[in-house]
2 protein chains.
Amino acid sequence: MAKHNAAPAACEPYPRPLCTVDVIILTLLDATLQVLLVQREDAPGEPFPGRWALPGGIVDTQHDRSLEDCARRKLLDKTGVVAPHLEQIGSWGDAVRDPRGWSTTHVYLALLPAATLHPRRGGNAADLRWFPLEPPAGGPALPPLAFDHARLLGAGLARLRGKAEYTSLPIYLLPQTFTLSELQAVFQVVLGRSLEKKAFRTRILASGLVEELDEMKETSRRPARLYRRKTDEGLHYFPRALESHGGSVGPS
Amino acid sequence: MAKHNAAPAACEPYPRPLCTVDVIILTLLDATLQVLLVQREDAPGEPFPGRWALPGGIVDTQHDRSLEDCARRKLLDKTGVVAPHLEQIGSWGDAVRDPRGWSTTHVYLALLPAATLHPRRGGNAADLRWFPLEPPAGGPALPPLAFDHARLLGAGLARLRGKAEYTSLPIYLLPQTFTLSELQAVFQVVLGRSLEKKAFRTRILASGLVEELDEMKETSRRPARLYRRKTDEGLHYFPRALESHGGSVGPS
DNA sequence: GCATAAAGTGTTTCTGTACCACTAATTTAG
DNA sequence: CTAAATTAGTGGTACAGAAACACTTTATGC
């Protein structure tokens with residue numbers, strides 16, 4: 001290990017950046033999009049002590065086999081589950097985002113249904129909590145975040161919202177079975193606007209994305225048929241984006 | 001600098017990964033998509049000596065202000081120009097892609113018109129050359145690449161092809177002015193299939209993406225009107241993806 | 001029984017992609 | 001000079017899917 005640290009100094013004329021992974025973990029609770037944040041340790045010498053941050057940390061080159069494995073580890077560590085959806089959002093790297101010096105972070109987005117969650121306060125995190133996000137117009141009503149995590153979270157949300165216009169992405173926020181109205185509602189929460197019911201139902205049912213179950217969900221009104229995502233269906237791309245009322249369509 | 005390298009050893013229990021940037025530089029030459037490759041130095045101790053690779057290298061934490069700045073530097077270094085389009089494709093990081101140990105690379109895609117290019121063999125590269133890519137069905141007819149660069153190049157090409165279905169992305173492979181037929185041709189090369197002329201023209205002209213010039217281009221047949229990209233137009237997203245004959249639509 | 005509200009459906013309008021035939025503008029060959 | 005060939009450009013139709021809205025069905029509460 002000491003030998004390995006000596007190698008950079010031998011053939012590399014400048015120090016390596018710090019390498020971290022940060023995970024934006026989203027779920028739907030109380031008809032609201034929620035993000036999981038950890039409170040950093042309030043210790044001297046720690047950057048942004050006591051500040052809320054996205055779960056993540058330094059890549060363990062001894063045990064993590066890849067960046068994605070690191071992300072999966074952090075996710076499992078904090079939520080106890082494997083996310084049905086995990087994707088890389090992008091990487092940020094510069095000399096000023098971290099007071100410790102030049103650093104890179106590799107940001108992942110995880111979407112989870114709320115039902116089976118039990119957030120766990122692993123490692124040296126002071127606290128772990130779900131925070132509701134505001135609809136897009138109001139901006140997120142969150143505590144100030146450590147590092148550049150507000151920006152990273154913004155990028156993750158923009159990805160989710162952009163992709164909701166032309167893919168099935170928000171479906172991963174739902175439990176295994178759901179009604180079509182619940183599916184529509186999750187899209188509406190993500191997009192921050194209402195969708196026309198008939199058009200939405202036609203879109204989903206025609207896509208082959210879901211299969212209907214023999215079960216009905218007992219609601220306070222008419223019972224609703226339950227559906228689930230077909231097991232051989234990954235992320236579905238629709239041939240046409242939803243029409244929005246102002247603003248451009250697509251990922252940003 | 002010695003102090004900086006001491007810091008990792010003090011509070012980090014494992015060594016930092018090597019941090020590099022690789023750039024997939026594409027242009028259109030002779031109606032063929034071409035990728036710029038560098039030949040690595042044939043020196044003992046160098047990983048993959050003499051092997052062709054994507055332009056790139058280690059992040060210079062003294063001079064590069066960000067990952068993207070590093071990518072821009074590498075691009076300028078090799079082509080002498082600033083690309084009209086540069087985007088981050090993604091990051092790869094693991095213990096096995098580089099014989100030097102745990103490493104990360106941050107991959108960027110640059111699209112350039114061919115007209116003003118003068119590839120320059122900067123640094124310690126043995127050679128620098130444009131290689132034509134085959135149409136998708138035939139697979140790329142390239143020399144074996146160093147590291148995992150074949151995989152990275154594949155990801156970049158998939159990005160370009162995916163986005164060609166629903167955005168204006170291939171337009172950046174063209175010079176400042178172009179005919180609609182040239183624009184259609186570049187889309188066809190990227191997508192590897194022909195497009196229906198009328199539908200394509202309607203799509204482009206209705207999008208507000210291009211403006212017509214008073215000039216005509218003298219061809220061997222009927223003169224064609226010249227167009228250029230509107231200056232306030234970034235990447236354009238079309239409301240509907242092109243219809244493909246088999247295979248799904250969207251980025252992969 | 002009626003009002004209410006959610007689940008589900010029938011039908012029409014609109015937008016944009018594909019298709020194909022045709023016209024316009026040039027070059028080339030007989 | 002005329003006809004053929006080829007590219008640039010256009011008119012018009014068919015089709016797929018998103019939006020809109022009215023209506024029917026299924027339950028609960030008064």
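Letters go in sequence order (proteins before strands), and every chain restarts at 1.
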Full working for salt bridge (charged side-chain N to carboxylate O under 4.0 Å, His left out) between E165(B) and R193(B): CA-CA 11 Å; E165(B) 303 281 354; R193(B) 68 179 194 265; 2.9 Å; yes
Taking [atom1] from [X] and [atom2] from [N], how many angstroms apart are they, rounded to a whole number?
X       : N       : atom1 : atom2 : value
M216(A) : dT25(D) : CE    : P     : 15 Å
L205(B) : dG16(C) : CG    : C1'   : 14 Å
F178(B) : dA8(D)  : CZ    : P     : 14 Å
L195(A) : dA18(D) : CG    : P     : 11 Å
F200(B) : dA18(C) : CZ    : P     : 11 Å
R201(A) : dC21(D) : CZ    : C1'   : 15 Å
Y237(B) : dT15(C) : OH    : P     : 24 Å
Q184(B) : dG9(D)  : CD    : P     : 11 Å

Any side-chain N or O of S181(A) less than 4.0 Å from the OP1 or OP2 oxygen of dA7(C)? yes
Which pairs pass salt bridge (charged side-chain N to carboxylate O under 4.0 Å, His left out) with one or both residues in residues 171-183 of chain A, sequence neighbours excluded? E182(A)-K217(A)
Residue whose closest nucleotide on DNA chain C lies nearer the 5' end, A224(A) versus K198(A): A224(A)
Return the 5'-most residue of the pair E196(B), A206(A) with respect to DNA chain D, ranking by each residue's nearest nucleotide. E196(B)
Taking for A199(A) and for L180(B) the nucleotide of DNA chain D with the nearest heavy atom, the one nearer the 5' end belongs to L180(B)
Per the atom types in the model, does the base of [N] pair as donor or acceptor with the side chain of [X] at under 3.5 Å?
X       : N       : value
R222(B) : dA8(D)  : yes
R240(B) : dA16(D) : yes
R221(A) : dT26(D) : no

NZ or CZ of R203(A) within 45° of F238(A) ring axis and under 6.0 Å: yes
Tell me what R225(B) touches on the nucleic acid: a base, only sugar-phosphate, or nothing, going by heavy atoms under 4.0 Å. sugar-phosphate
How is T219(A) classified with respect to the nucleic acid when contacts are heavy atoms under 4.0 Å: base, sugar-phosphate, or nothing? nothing
Write down the atom of I171(A), the atom of R229(A), and the distance for their closest heavy-atom approach. CG2-CD, 3.9 Å
I'd like to know if the side chain of T104(A) and the backbone of W92(A) have a donor-acceptor N/O pair within less than 3.5 Å. no
